[in-house]
Amino acid sequence: MRLRTLAFGVAAGAAIAYFFDPVSGRGRRTRTRDQAAAKARRARETAERRGRYLSHMAEGRLSELRSPGPDRLDVDDVTLAQRVQSDVLGSADVPKDRITLEVTGGIAVLRGELDSRSEIDEIVERVRGVAGVRTVENLLHLPGEPAPNKEAAIRASETGGPAGRSAG
């Protein structure tokens, strides 16, 4: 306990001698006061800046909750088709020249012929992930297979009628 008191007394005496030196004490006091004021000002400005940031972040989150963002808005079919074209069909790994896209009422209809089932599944999933697409009607098919929307017509023509009856 006495050692702590002694250390405090020595430090206080050194500070008094440093700041109240007859030759340089006035400049030291002024410089120290200015530095302390600058640090306090910077701390206040930093706190205000952080407060504004947090306030704006909270305001943005509330705004997102109150109104739907651009990803959740119902967009017209032309805009949605352009979004799918750029987001999915614009990729280098997608054979866009072999896929036809139509969008009606938020439903994306994909037609065309691709080389593998995994490629078809991947493209369909990517189109489903585009904001604004409600559902995807997949009419993509493999080479040599009929398009999914043509299978019923082909079966009907093979059996001779729309209900599967043979003519005669």
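For clarity, every value in this text was computed on a predicted model and none was experimentally measured.
For the salt bridge (charged side-chain N to carboxylate O under 4.0 Å, His left out) test, residues two or more places apart in sequence or in another chain that qualify with Glu122 are Arg126. Taking the side chain to side chain contact (heavy atoms under 4.5 Å, CB included) definition, one finds that Thr5 meets it with nothing, sequence neighbours left out. Considering only residues two or more places apart in sequence or on other chains, Pro22 meets the side chain to side chain contact (heavy atoms under 4.5 Å, CB included) condition with none of them. For Asp77, there are no salt bridge (charged side-chain N to carboxylate O under 4.0 Å, His left out) partners, not counting sequence neighbours. For Glu125, the salt bridge (charged side-chain N to carboxylate O under 4.0 Å, His left out) criterion is met by Arg128, not counting sequence neighbours. With sequence neighbours excluded, the residues satisfying side chain to side chain contact (heavy atoms under 4.5 Å, CB included) with Arg49 are Thr46, Arg52. With sequence neighbours excluded, the residues that form a salt bridge (charged side-chain N to carboxylate O under 4.0 Å, His left out) with Glu102 are Arg111. For Thr79, the side chain to side chain contact (heavy atoms under 4.5 Å, CB included) partners are Val75, Asp76, not counting sequence neighbours. Residues satisfying the side-chain hydrogen bond (donor to acceptor under 3.5 Å, both in side chains) criterion with Ser118, sequence neighbours excluded, are Ser116.
Placement of Ile16 and Phe19 within a single hydrophobic cluster is found when ILVMFWY residues are connected by side-chain heavy-atom separations under 4.5 Å, directly or transitively.
Taking every heavy atom of both residues into account, Ala81 and Leu101 meet most closely at O-CD2, 3.7 Å.
The pair Glu145-Arg117 meets the salt-bridge criterion, since a charged nitrogen lies less than 4.0 angstrom from a carboxylate oxygen.
For residues 13-36, no pair satisfies side chain to side chain donor-acceptor pair (under 3.5 Å), with sequence neighbours left out.
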**OP:** Kindly indicate, with the supporting measurements, whether the criterion side chain to side chain contact (heavy atoms under 4.5 Å, CB included) is fulfilled by Leu142 and Ile120.
**Re:** CA-CA 9 Å; Leu142 299 174; Ile120 291 171; 3.9 Å; yes

**OP:** Step by step, work out the side chain to side chain contact (heavy atoms under 4.5 Å, CB included) result for Thr100 and Leu110.
**Re:** CA-CA 6 Å; Thr100 304; Leu110 298 171; over 6 Å; no

**OP:** Apply side chain to side chain contact (heavy atoms under 4.5 Å, CB included) to the pair Leu80 and Val78, showing each step before the final yes or no.
**Re:** CA-CA 5 Å; Leu80 189 54; Val78 174; over 6 Å; no

**OP:** Determine, step by step, whether Arg98 and Asp115 satisfy the side chain to side chain contact (heavy atoms under 4.5 Å, CB included) criterion, reporting the C-alpha distance in whole Å, the side-chain angles of both residues, the deciding distance to 0.1 Å, and the verdict.
**Re:** CA-CA 10 Å; Arg98 298 170 60 194; Asp115 296 328; 2.9 Å; yes

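More than 12 non-hydrogen atoms from other residues, nucleotides or ligands lie less than 6.0 angstrom from CZ of Arg44.
Clustering of Ile, Leu, Val, Met, Phe, Trp and Tyr by side-chain heavy atoms under 4.5 Å joins Tyr53 with Leu54, Met57. Cluster partners of Val23 are absent, since no Ile, Leu, Val, Met, Phe, Trp or Tyr has side-chain heavy atoms less than 4.5 Å from it.
Taking 4.5 Å as the limit, every side-chain heavy atom of Ile107 sits out of range of all side-chain heavy atoms of Val136. Taking the side chain as every heavy atom from C-beta outward, Val109 and Leu139 approach each other to under 4.5 Å.
How far CG of Asp121 is from CG of Asn138: 7.5 Å, rounded to the nearest 0.5 Å.
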